[in-house]
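Reviewing the structure listed below.
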Amino acid sequence: MKTTSRPDGDEIARYNPREMEPHWQKVWDEQQTFVLPQEDDGREKFYVLEMFPYPSGRLHVGHVRNYSMGDVVARYHRARGKAVLHPMGWDAFGLPAENAAMKTGGHPRDWTYANIEAMRTQLQSMGLTLDWSREFATCDPEYYAQQQKLFLDFYFAGLVTRKKSKVNWDPVDLTVLANEQVIDGRGWRSGAVVETKELTQWFFKITDYAEDLLTAIDTLDGWPDKVRLMQRNWIGKSEGMLIRWQLTEESAPEGMTELEVYTTRPDTIFGASFMAIAADHPLAAAAAKDNPELQAFIEKCRRVGTSAATLETMEKEGMPTGIHVKHPFDPDWSLPVYVANFVLTEYGTGAIFGCPSGDQRDLDFALKYDLAHVAVVMPEGEDATTFAIKDESYAGDGVMINSSFLDGMSSEDAFNEVAERLGAIEINGRPQGVRQTNYRLRDWGISRQRYWGCPVPIIHCDNCGEVPVPEADLPVRLPDEVDLSRPGNALDHHPTWKHVECPNCGLAALRETDTMDTFVDSSWYFARFTAPHASTPTVPEVANSWLPVDQYIGGVEHAILHLLYSRFFTRAMHKTGHLNLDEPFKGMFTQGMVTHETYKDDEDKWVAPTDVHIEVKDGARFATHIETGRPITIGSVEKMSKSKLNGIDPEDILKSHGADAARWFVLSDSPPERDVEWTAAGIEGANRFVQRVWRLLNEAKLLLEGECSEHVEMDEAALTFRKIVHKTAKSVGEEIEGLKFNRAIAQLYELTNAMSKFSADVGEAPNSARRAALREGVDVLTICLSPFMPHLSESIWAMLGKDKLVSDSLWPVVNESLLVEQSVVIPVQVNGKRRGEIIVAKDAANSSVEAEALSLDNVARMLDGKAPKKVIVVPNRIVNVVV
RNA sequence: GCGGGCGUGGCGGAACUGGUAGACGCGCCAGACUCAAAAUCUGGUUCUGGAAACAGAGUGUCGGUUCGAUUCCGACCGCCCGCACCA
């Protein structure tokens, strides 16, 4: 059937998103469609949140994907009759604003707010269901004032502490560097060799909650397993022992008598061959006093930086200190103490005993420095007389060997035996060894020596010490005038800002010049959205009525830190009376990245996709530069990045193809948790579908002019179509609830295909039963499409003559009786290989199914007259004949 | 280094709790419409052999469990992400 023109000969006008999308956005805005009523109207509440963006100034395709997902969820739950909270704000403090200000001479605030304006406009053009009346930026004084209140409440609750920690220090720019700003051991801007420096810093005592944060992970069943596992590993609980090793008298530096180590494997104590301490361990400093060579080595270790990844991937090196320790179970056995660059100061005691046979790193170290490596744990089933460790360690459990009184025990028994014996030995008035539970998790250092962040509301007074800023004096505002051109901390060298009177004694005092980590800002914004303009951090009864967030969506890169900090913050806010729950996010979803092909020209320089022309010849793709016509090499598909120029600007897409096509495309094909590759063909395909649906439903409308009957069952074609319609309504809803957007979209394609065919049937024989089925299908398709393509759906809804918005319409009611099938198609296998299929009544008796299967020509031929060895019948599923 | 993930046609992917591998989309091929093209519509499309019926192979590699494995187990290979001051 021809479907491109109307019966009266007029072409159906193409759908024009450039015209219709702004129109519907205006209608939603005017009708305040997505603004939540102030009063609780009794509807079930649902809180959808996407991680708020950093206002870089331009929307990224990753944002488009993230917010499209959230919006589908939000629109779906609205259609389910719920009151949906779907807010948006800006994670607006942070380094890029300062960097931009330094580069251009402007002010971080101006740069940030201008970016927010630009990005809000871009976001609004996506047609999201956001309630903009709740918008805020974390750099708004109204927001950070509340954050300072929270800081002080945490302070009074004993959740804040001040202690020393190490930072990367740039001696030229006089600034602390982030790990990503340290490139090959040098500062990114100055190029100076980076030093490790100790600073006194503010910390939140997240370790107080280590055990609770760990055990509560079990309750987070709306989170991806991989995120839960990553959090568990990050907290890193281990059961081990603290063991104190006595220094030999002749080697001990003055005033020192012992070395305390933490180990999770006390059972391997007889396999110890050396002790390793971190470069800044006190014993290392003492040993280096008269040892310039060791001093130089310690210096070298200090220059590596603070990044764990760097520390652990670099060449493992050590140097003997000349100090020796005595083995606890053999006074004649002494072991050398090394300074080693792979021992982390901040974990355990900053010292370990090396057991080369049980740890690959220790073994590599022992082989390098020619130290002993005796096997002490043997896997079950090996022979003790021949088992040895050569260049591969064995870290598993097993049977103890070469271990004196532990020989023959299991690792677990040996652990207990050592714990018991060392617990019974007293040195310096304390047991030599005690059991200790350790966590890898460290306290959260929140101090930043930067201007563009939330000031820590503390005053330092020579008389009174640390004085919290009184609540009446909050917020501690950032000074408007700032000189970022000088090296160092701009707040610290501001001429007046830090000089204040002590609120306690009135004498001259100094403000804290540290500002807070931007992770603090993002650790409670989800709670603030529930009462964004309140004069307290939260309005507890309102916050408690909305929280936890029902569905949180964001990048997997935040799977550990941001989520863990938010979980801590929620507990701390519970303790200080701002909330009455512990877990902020009931449902969590981590989306994949958006990737794109990379291109390089004949000079090996990166080329942006917009400058590349691609042609297909004989199935192969060739690329040339649009301007120069020179050849381009098509490279691998990678995460969009500035350096590789393979990013796509969503604004171009939104302007050319429209928001609906962009939303549809980023959600089709790839499962949302996986990476999606942006392709020109993909967005064009989405665009075609927009046009196809518009055309199809316009034609359908013409077919619907006439009488409709409710007696759809009278007509075979109508009934078949109705079944598909109801099946789609049901499964699209289920797929959205499970966040399987790609599968929902596949279902919608199938319904569209079915409707094309059925429209032809209606055109040929337009009886009233068919018209009724088509009318129902048209409504269902439009509503089911509306979470994905809201503008198009509104346009169709209006074209159909509906009197309200599709955004205010309810999800179709599924007629379950239409979903029950009377017969099933069952594949028949012979020896696990499909040889045919049979159609049988649903829930038919196994014996009749078996008989039916065996009578198939194909099966009979394979049997060759013999009886089958076995026939497996899985009801309604499969038959397998074993020959 | 440690931790986490991923691997299925030409491409993106689907396959619920171990039960028809390749839904749906893109691309490609053929046909219809057209003077022609675009757009649109219809049909086909895992690979090999065959006109077809059909047969064989097939979910990164090797091995195991099972009547039956993309799915479970073991070993390996490749790619990607996080590692505490980027957000």
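In this text, all values refer to a predicted model and were calculated from it rather than measured experimentally.
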(request) Determine if the base of B:G60 is syn or anti; take syn to mean the glycosidic torsion is within 90° of 0. (result) anti
(message) Ignoring hydrogens, what is the shortest heavy-atom contact between A:Pro108 and A:Trp452? Give both atom names and the distance.
(response) CB-CD2, 3.8 Å
(request) Compare every heavy atom of A:Met314 with every heavy atom of A:Asn341, then report the nearest pair and how far apart it is. (result) O-CE, 3.2 Å
(message) Under 3.5 Å, is there any donor-acceptor pair linking the side chain of A:Arg688 to the base of B:C41?
(response) no
(message) I'd like to know if A:Arg674 reaches the base of B:C6 with its side chain, counting only an N/O donor and acceptor under 3.5 Å.
(response) no
Please pick, from [options], the nucleotide with the shortest atom-to-atom distance to any side-chain atom of [X].
X        : options             : answer
A:Lys833 : B:C86, B:C67, B:A57 : B:A57
A:Ser756 : B:C86, B:C83, B:U42 : B:U42
A:Ile872 : B:G82, B:A84, B:C67 : B:C67
A:His558 : B:G5, B:A87, B:G3   : B:A87
A:Arg695 : B:G1, B:A23, B:U40  : B:U40
A:Arg442 : B:G58, B:A84, B:U20 : B:A84

Just to confirm, is there a sub-4.0 Å distance from OP1 or OP2 of [N] to any side-chain nitrogen or oxygen of [X]?
X        : N     : answer
A:Arg448 : B:C85 : yes
A:Asn742 : B:A14 : yes
A:Asn880 : B:G19 : no
A:Arg361 : B:C2  : no
A:Arg834 : B:G68 : no
A:Asn99  : B:C86 : no
A:Asn233 : B:G4  : yes
A:Thr518 : B:A87 : yes

(request) Scan every strand shown for a Watson-Crick or G-U wobble partner of B:C54, both distances under 3.5 Å, and answer none if you come up empty. (result) B:G49
(message) On RNA chain B, does the nearest nucleotide to A:Val879 precede the nearest nucleotide to A:Asn168 from the 5' side, or the other way round? Give the residue.
(response) A:Val879
Heavy atoms only, 4.0 Å cut-off, all strands: where does [X] land among base, sugar-phosphate and nothing?
X        : value
A:Val882 : sugar-phosphate
A:Gln449 : base
A:Gly94  : sugar-phosphate
A:Gln231 : nothing
A:Ala308 : sugar-phosphate

(request) May I ask you to test the A:Gln747-A:Glu734 pair for a side-chain heavy-atom distance under 4.5 Å? (result) no
(message) Salt bridge check, A:Lys163 against A:Asp443: does any charged N sit closer than 4.0 Å to a carboxylate O?
(response) yes
(request) Using the C1' atom on both, measure B:U20 against B:G31 and round to a whole Å. (result) 30 Å
(message) Between B:C76 and B:G3, how far apart are the two P atoms, rounded to whole Å?
(response) 14 Å
(request) Determine whether more than 12 heavy atoms belonging to other residues, nucleotides or ligands lie under 6.0 Å from atom NZ of A:Lys869. (result) no
